[in-house]
Trainee: 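The structure under discussion is supplied below as structure tokens; questions concerning it will follow.
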Protein chains: 2
Amino acid sequence: MSSHQVLINGAWIDSQGTSTFQAVNPQTTDTIPGDFPVSPWSEVEQALDAAAVAARAMRGWPGERFAKFLECYADKIEARADALVEVAHQETALPVSPRLKDVELPRTTSQLRQAAAAAREASWATPIIDSAANIRSMFGPVGPVAVFGPNNFPFAFNSIAGGDFAAAVAAGNPVIAKGHSSHPETTRLFAEAALEAALETEMPAGFVQLIYRTSHSDGEKLVSHPSMGAIGYTGARSAGLVLKSAADKAGKPIYLELSSINPVVILNGALEEKGAELAAEFSGSCLMGTGQFCTNPGLIVLQSGELADSFVQAVAENFKSAAVGTMLSGGVQQNFQQGIEELKATGAEVVVGGESGGGTGFSCANTLMKADGAAFLKDPEGLQAEAFGNSSLIVIADSLSQIVEILEHLEGNLTGCIYSETNGKDDTDYDTIAPALRQKVGRLLNDKMPTGVAVSPAMNHGGPFPATSHPAFTSVGMPTAIHRFAMLQSYDNIRAHRLPSELQDKNPTGSLWRSIDGQWTQGDVG
Amino acid sequence: MSSHQVLINGAWIDSQGTSTFQAVNPQTTDTIPGDFPVSPWSEVEQALDAAAVAARAMRGWPGERFAKFLECYADKIEARADALVEVAHQETALPVSPRLKDVELPRTTSQLRQAAAAAREASWATPIIDSAANIRSMFGPVGPVAVFGPNNFPFAFNSIAGGDFAAAVAAGNPVIAKGHSSHPETTRLFAEAALEAALETEMPAGFVQLIYRTSHSDGEKLVSHPSMGAIGYTGARSAGLVLKSAADKAGKPIYLELSSINPVVILNGALEEKGAELAAEFSGSCLMGTGQFCTNPGLIVLQSGELADSFVQAVAENFKSAAVGTMLSGGVQQNFQQGIEELKATGAEVVVGGESGGGTGFSCANTLMKADGAAFLKDPEGLQAEAFGNSSLIVIADSLSQIVEILEHLEGNLTGCIYSETNGKDDTDYDTIAPALRQKVGRLLNDKMPTGVAVSPAMNHGGPFPATSHPAFTSVGMPTAIHRFAMLQSYDNIRAHRLPSELQDKNPTGSLWRSIDGQWTQGDVG
């Protein structure tokens, strides 16, 4: 059979690529019929040119235009829900229900609609007016955006339907989606819906495009191309760093989410109060979705003693008795194995698990590892290696001050949690360690595992490097996530009729928030 | 005589460096007595360690603490105004009055006080509260900041007193200042005042530090050090790109202002209406301060014809008759000469000037160059080379559509201007070219030269690469400039008494702007 087409400049066209790939069903480990093309550079360039033309055509468009597309697209996704869920399940082995059907798909359409609302309301653009100097500023679209989606959220982070896509569009940009190779048919179905919505809402031809794969060097050329505005990437650290290097050199903003082990500190009062309960809560969070979450708790820090020993034992029992899930791909299984080996070589001890298999298809045993605080401090980098999947490392510190030292040696992470006793028994210890953890993570939690990532305006799904590439931005949460795909634009002495409506004296909607002469207001100038 | 001391960890100490440098008086081209040390890595590391300790000590401090320091510092600068102006004039040849005394120094203290006001008011931190999910977020300090100041603003962009310093402190960070080698004594005087203010307002020892020079490789180690939070750099493109590469690799946010030629398009109606007046306005803007402004208009685009020819001739006369100013240093003179030679090699024609000398000390003739649109489009990169100083290139396009094409081939710039006829005669042409220019610049102007950079909340002194390293940030304008030195921090399910005051239910000041459950308000939660 001939290979699937790519979506370039408003049409599905035959790829000029000569090589193809197939998706693999992780449960059977068999390839799934259907060839997807590896696009050659000429095709990537075609997409770049079309995106540049689209960006020019859309200059100055009001948020309303993008809101309409996003809402229409959300509707069309819902109309295809059954097909999307079925295909995504086949390509990723993620459970149909509740995961794909009841959680991830509704979350995805909700993100698109929240982005639409933010684009329409427009306050995200932060209009600032200095009427005396007649200087006015706001954020505007940055230009064509390339989105690289990850393997672990085929819907909510999909390159052509997920949060990066929604945010890039809400800011007024065209998107070139680079689908993840592990779920190409899922991505193709989204792209069909996106194209329909784009036609129905009269968007320009190069507004939304899809390619499935390129060579690594063409990926680097893509992200550093003069036409690029910005890049969103969620995925493996090694591939991400190669793209980052290329984009950085060209001065293109690139927002990467790379890796995170999401440290959890459980203080003694909390262990004493409800150690067994916490062991169950932790085990559930760590093994959920076979541990394949960016916010999976991969590092637990405890203070040495009987309470810690009991906790480790309880978790070990939980890990042994829990079902072993299927991993997203053979690559994930391989990397997991390698990560475990690296941790072992660095001095971590396997408490349970560590071996391949045990589940349907691609799988590895639920794996719990252990090291003491001194070992961690001897090689903090080695013991922070991420083994993406159903594993976690427990570090046993010999004192509270050693916990602080461990936290000060952490790389940047998406999240960090502290559990403490309910009635304040741990409060002094909390105050000792929290400031150190705060600075290392994008989101600090109390008494709660990090796995859930609410789509909230106050969410920060971000954090210092290497969790992400810039600590001031989040990839989840509207309207905050939109800022990644915007540039600051100041208007100095611009004649009134030439100003964007958001910056004219009269408030264009009566509800837009603007800073006028130092005061935030929904009113007019003067 | 022994060399000057460096300011490390709260004290002036002898440098461990073995080599030194001296400043040069640009008017006499003689060295100025006084040796300044090149700090070895051990000294830089000492500063880094002290800054990290200071950052930890200041975690959670309210903006009020930083406001008090900034205001006290501004007072102490004013108390030293005469000495600062005298020394800066000697080191830079910039005029005492109005430039240094009446413009740049008041601007500098005003920036510090505006930063203080923003730190105290705290709305810059953008508190967002989702009360249903109990997730709350705001921006917090990013960690130790290194500031590299440029040669051309010894006060307003000084590494230990200028806009980057003020913004980094307002965000709650310690600063390691790397003084510019062309005005070390000016910087030393600032540092004396800063230390006094830091002691008086009880800041930690490593809060404000100064080194004068390091080796290039130690500069790279500094910006990529694990303790670094972020870096601000204003200066030469080549040195900046080396630092950027090192910081990018380590995942450290680095905000660079590198180079900009600040295109100005003058439409025919405007030329017809007041060509001679505009020639005078442009000449004044281009030669002011010997052209040594980041926003110097270095590229003028006109449509071919008699009006353009008259404009070129009028500017040529102005350039010939205007006094030749003194440049900041021998290096500036050398780079200027080289830039002119490169432009000539790329096909630009010298209309007037082009040769060295003609003024007191380091100087070059006021230089006007010319090229046609086709030549520009043949080598757009070559003809965008910056010759920093009293020069400009006029490009004569053969049509309006060629102007658009020229604008589409521009690199990122800080500013872009369009002059048009007063009563709307040029409006159609304006609408044709403005969208293309808008996307290439941080600040778009009408009927006004770009040289003045008002310290306004609506200012964008920023722009796409290579003007700066990130198009979403400005280095001038409070509170916007503060965001560069902040990280986004989310608080998920944090117990109420542990939240920063800005995120507690009760509005801590009654005037802080927060987004609560989707509504911007100065009220409380609930």
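Residue numbering restarts at 1 for every chain, and letters A, B, ... go by the order of the sequence lines.
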Trainee: For B:Asp130 and A:Pro457, work out which heavy atoms get closest and say how close.
Mentor: OD2-CD, 4.2 Å
Trainee: Return the minimal non-hydrogen interatomic distance between A:Arg443 and B:Asp492, and the atom names on each side.
Mentor: NH1-OD2, 2.5 Å
Trainee: Kindly indicate whether the side chain of A:Thr480, heavy atoms from C-beta on, has any atom under 4.5 Å from the side chain of B:Leu488.
Mentor: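 Yes, side chains in contact.
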Trainee: Measure distances from A:Trp513 to the heavy atoms of chain B and classify the residue's part below 4.5 Å as side chain, backbone, both or neither.
Mentor: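 Only the side chain of A:Trp513 comes within 4.5 Å of chain B.
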Trainee: Does any heavy atom of chain B fall under 4.5 Å from the side chain of A:Ala436, the backbone, both, or neither of them?
Mentor: both
Trainee: Quick one: of B:Gln439, B:Arg438, B:Lys244, who has the most non-hydrogen atom pairs under 4.5 Å with chain A?
Mentor: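 So the answer, after comparing B:Gln439, B:Arg438, B:Lys244, is B:Arg438.
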Trainee: Which region of B:Ser456, side chain (C-beta onward) or backbone (N, CA, C, O), has a non-hydrogen atom less than 4.5 Å from a non-hydrogen atom of chain A, or is it both or neither?
Mentor: both
Trainee: Is it the backbone or the side chain of A:Ser245 that comes under 4.5 Å from a heavy atom of chain B, or both, or neither?
Mentor: neither
Trainee: Return yes if some donor-acceptor pair links the side-chain N/O of B:Asn493 with the main-chain N/O of A:Lys448 below 3.5 Å, else return no.
Mentor: no
Trainee: Chain B heavy atoms under 4.5 Å from A:His461: which part of the residue, side chain, backbone, both or neither?
Mentor: neither
Trainee: What is the distance from atom NZ of A:Lys440 to atom CE of B:Met487, rounded to the nearest 0.5 Å?
Mentor: 10.0 Å
Trainee: Could you check whether any side-chain N or O of A:Gln489 sits under 3.5 Å from a backbone N or O of B:Leu444, counting only pairs where one atom can act as donor and the other as acceptor?
Mentor: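 Flag not set: sc A:Gln489 to bb B:Leu444 has no pair under 3.5 Å.
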Trainee: Under 4.5 Å, counting heavy-atom pairs only, tell me which of B:Ala434, B:Gly442, B:Gly60, B:Gly518 racks up the most with chain A.
Mentor: B:Gly442
Trainee: Go through the atoms of B:Pro435 and report whether side chain, backbone, both or neither lie under 4.5 Å from a heavy atom of chain A.
Mentor: both
Trainee: Heavy-atom pairs under 4.5 Å with chain B are the metric here; pick the option from A:Leu241, A:Asn446, A:Ile135, A:Asp431 that has the most.
Mentor: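 Ranked by contacts with chain B, first place is A:Asn446.
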Trainee: Check whether A:Tyr491 gets within reach of chain B through its side chain, its backbone, both or neither, counting any heavy atom under 4.5 Å.
Mentor: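 Both backbone and side chain of A:Tyr491 come within 4.5 Å of chain B.
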Trainee: Report yes or no: do A:Ser420 and B:Arg495 form a side-chain donor-acceptor pair below 3.5 Å?
Mentor: yes
Trainee: What distance do B:Ile494 atom CD1 and A:Leu445 atom CG have between them, rounded to the nearest 0.5 Å?
Mentor: 6.5 Å
Trainee: Classify the ring geometry between B:His470 and A:Phe473 as parallel (under 30°), tilted (30 to 60°) or perpendicular (over 60°).
Mentor: parallel
Trainee: At a 4.5 Å cut-off on heavy atoms, which part of A:Thr422 comes close to chain B: side chain, backbone, both, or neither?
Mentor: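 For A:Thr422, the backbone is the part near chain B, not the side chain.
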Trainee: Check this for me, if you would: do A:Glu408 and B:Arg59 make a salt bridge, where the nitrogen-to-carboxylate-oxygen distance has to be below 4.0 angstrom?
Mentor: yes
Trainee: Do the charged groups of A:Lys249 and B:Asp248 touch, with an N to O distance under 4.0 Å?
Mentor: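 No salt bridge links A:Lys249 with B:Asp248.
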Trainee: Taking only Lys NZ, Arg NE, NH1 and NH2, and the carboxylate oxygens of Asp or Glu, determine whether A:Asp427 and B:Arg498 approach each other closer than 4.0 Å.
Mentor: yes
Trainee: What is the minimum heavy-atom distance between A:Ser137 and B:Ala458, and which atoms define it?
Mentor: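 Closest approach of A:Ser137 to B:Ala458: CB-O, 3.2 Å.
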Trainee: Let me know if A:Glu121 has heavy atoms under 4.5 Å from chain B in its side chain, its backbone, both or neither.
Mentor: neither
